[in-house]
Amino acid sequence: MRLDKTLANSGYGTRTEVKSLISKGQVHVNGVMIKDPGFHVKDEDTITIGGNSTSIKDKFYLLLDKPDGVLTAMEDKRLPHVGELLPSNLKNKKISPVGRLDFHTTGLLILTNDGELSHRLTSPNYGISKTYEVTYEGDLLTDKEALEASSGMVLLDKEPHIKLRPSTVVFDNGTNTARITLSEGKTHEVRRIFAQWNRPVITLRRVSLGPISLEEKPQEMLRELTDDEVKSLKEITGLV
Ligand code: URA
């Protein structure tokens, strides 16, 4: 990839800004000063900028704790959307959400410009598990509902009826809180399951996706996934 594009993609400024850095002689590739912005760099090259070495980075993996009342979209003319939550240096990197959370669902949303990983995390073929914390109205859940979920229930709210994959429901005895783990992502799946049980969802929060959990450490609203977290996602989707 071109040197100027690589540096711009890695957050060192706009194409014009990085061209200026290059022409001022501040950029070295494998120890050699390079003044040609079109110079071709390879993944294994070591680039130093003003004496600091950097790795070539064009893939970004972010973890957002999505707030309530935010659309899972990079752009929208009317409503608050996740695109607005990205810092400006990440805005032109073709980053998009992996899957979708409803406007009023909060919690774990991964954003990336790694299209293959995104595809695999959302494709039913890979069956990546997603756990949601639910509060609901109505009578407390019983073993009957948990059993129905675990045997793969049929959603009756629309034609044709949909047979869901088995899911796991764990409820807190004595409270109107439950956790449900799904291995697919049908539209509004959790809300529809609970509606069918006459327990309308009050709040819905995704707390984990595969090996990534919001609960392991205090969570900023938006952070980059660590290298280990990215590796764990690639492992469960067969990319490494
Ligand atoms: N299921 C839902 O009903 N809504 C979400 O946002 C995610 C899963």
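Because the structure is predicted, anything quoted here is derived from the model rather than measured. In what follows, every heavy atom counts, from backbone to side chain, and hydrogens, waters and symmetry copies are set aside.
By the rule that hydrophobic residues join a cluster once side-chain heavy atoms approach within less than 4.5 Å of another member, L63 and I236 end up as members of one cluster. Connection of L109 to L90 is established within a shared hydrophobic cluster, with ILVMFWY side chains joined at heavy-atom distances below 4.5 Å, either directly or through further cluster members. Transitive grouping of hydrophobic side chains (ILVMFWY, heavy atoms separated by less than 4.5 Å) brings L204 and M221 into a common cluster. Linking ILVMFWY side-chain heavy atoms closer than 4.5 Å, directly or via other members, places L101 and L214 in two distinct hydrophobic clusters. In the hydrophobic clustering of this structure, V207 does not group with I212; members are Ile, Leu, Val, Met, Phe, Trp, Tyr whose side-chain heavy atoms approach within less than 4.5 Å, directly or through other members.
Under a 3.5 Å cut-off, the side chain of R206 and the backbone N or O of G107 do not form any donor-acceptor pair. No donor-acceptor distance shorter than 3.5 angstrom exists from the side chain of E84 to the backbone of D76, with no hydrogens or angles considered. Here the side chain of D4 pairs no donor or acceptor atom with the backbone of V18 at under 3.5 angstrom. With hydrogens and angles ignored, the 3.5 Å screen pairs no side-chain donor or acceptor of H104 with any backbone N or O of D102. Here the side chain of S118 pairs no donor or acceptor atom with the backbone of G115 at under 3.5 angstrom. Side chain of K66 to backbone of F103: a donor-acceptor contact under 3.5 angstrom is found. Side chain of T237 to main chain of L121: no donor-acceptor pair is present (N/O by atom type, distance under 3.5 Å, no hydrogens or angles). S151 places a side-chain N or O within 3.5 Å of a backbone atom of L147 that can act as its donor or acceptor partner. Between the side chain of E184 and the backbone N or O of L164 there is no donor-acceptor pair closer than 3.5 Å.
With rounding to the nearest 0.5 angstrom, the CG atom of N176 is 9.0 Å from the CD atom of E137. If you take CG on N89 and CZ on F60, they are separated by 7.5 Å, rounding to the nearest 0.5 Å. Rounded to the nearest 0.5 Å, atoms CD1 (I128) and CG (L182) are 13.0 Å apart. Taking CG from L222 and CG from L111, the interatomic distance works out to 7.0 Å, rounded to the nearest 0.5 Å. Distance check: D36 CG to R2 CZ gives 7.0 Å after rounding to the nearest 0.5 Å. Atom CZ of residue F39 and atom CD1 of residue I22 lie 10.5 Å apart, to the nearest 0.5 angstrom.
Annotation for T72 and P97: closest pair CG2-CB, 3.6 Å, computed over non-hydrogen atoms. Closest of all the heavy-atom pairs between G99 and T122 is N-CG2, 3.5 Å. Of all non-hydrogen atoms in N113 and K93, the two that sit nearest each other are ND2-O, 3.0 Å. Across every non-hydrogen atom of D68 and T106, the tightest pair is N-CG2, 3.5 Å. Taking every heavy atom of both residues into account, S150 and P166 meet most closely at O-CB, 3.2 Å. S20 and S23 make their closest contact through O-OG, 3.1 Å (heavy atoms, listed as atom of the first residue, atom of the second, distance).
Heavy-atom contacts from other residues, nucleotides or ligands closer than 6.0 Å to NZ of K19 number more than 12. Atom NZ of K91 is surrounded by more than 12 heavy atoms from other residues, nucleotides or ligands within 6.0 Å. At most 12 non-hydrogen atoms from other residues, nucleotides or ligands lie less than 6.0 angstrom from CG of D227. Counted within 6.0 Å of CZ on R100, heavy atoms from surrounding residues, nucleotides or ligands total 12 or fewer; the atom is thus considered open.
V27 places none of its side-chain heavy atoms less than 4.5 Å from the side chain of M33. Taking the side chain as every heavy atom from C-beta outward, I110 and L233 approach each other to under 4.5 Å. Looking only at side-chain heavy atoms (C-beta outward), S129 and T168 stay at 4.5 Å or farther from each other. Taking the side chain as every heavy atom from C-beta outward, Y61 and D114 approach each other to under 4.5 Å. Between D143 and F171, the closest side-chain pair of non-hydrogen atoms falls below 4.5 Å. Between V230 and K234, the closest side-chain pair of non-hydrogen atoms falls below 4.5 Å. Side-chain contact between W197 and V169: present, with at least one pair of heavy atoms (C-beta onward) separated by less than 4.5 Å. Contact check for L86 versus L62: side-chain heavy atoms found under the 4.5 Å cut-off.
Sorted by first then second residue, the salt bridge (charged side-chain N to carboxylate O under 4.0 Å, His left out) pairs that include residues 152-177, not counting sequence neighbours, are D157-R192.
Salt-bridge formation is not detected for the pair K130/E189: no Lys NZ or Arg NE/NH1/NH2 atom is positioned less than 4.0 Å from an Asp or Glu carboxylate oxygen. Between K144 and E148, no side-chain nitrogen of the basic residue sits less than 4.0 Å from a carboxylate oxygen of the acidic one, so the salt-bridge criterion is not met.
Remark: Y136 engages F194 in a ring pair (Phe, Tyr, Trp, His ring centres under 6.0 Å) (not counting sequence neighbours). Every residue meeting the salt bridge (charged side-chain N to carboxylate O under 4.0 Å, His left out) condition with D65, not counting sequence neighbours, appears here in chain and number order: R205.
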- Step-by-step side-chain contact (heavy atoms from CB on, under 4.5 Å) determination, M74 to H81: CA-CA 6 Å; M74 295 311 283; H81 51 278; 5.7 Å; no

- Query: Can you check side-chain hydrogen bond (donor to acceptor under 3.5 Å, both in side chains) on T177 and T135, steps first, answer last?
  - Reply: CA-CA 5 Å; T177 305; T135 60; over 6 Å; no

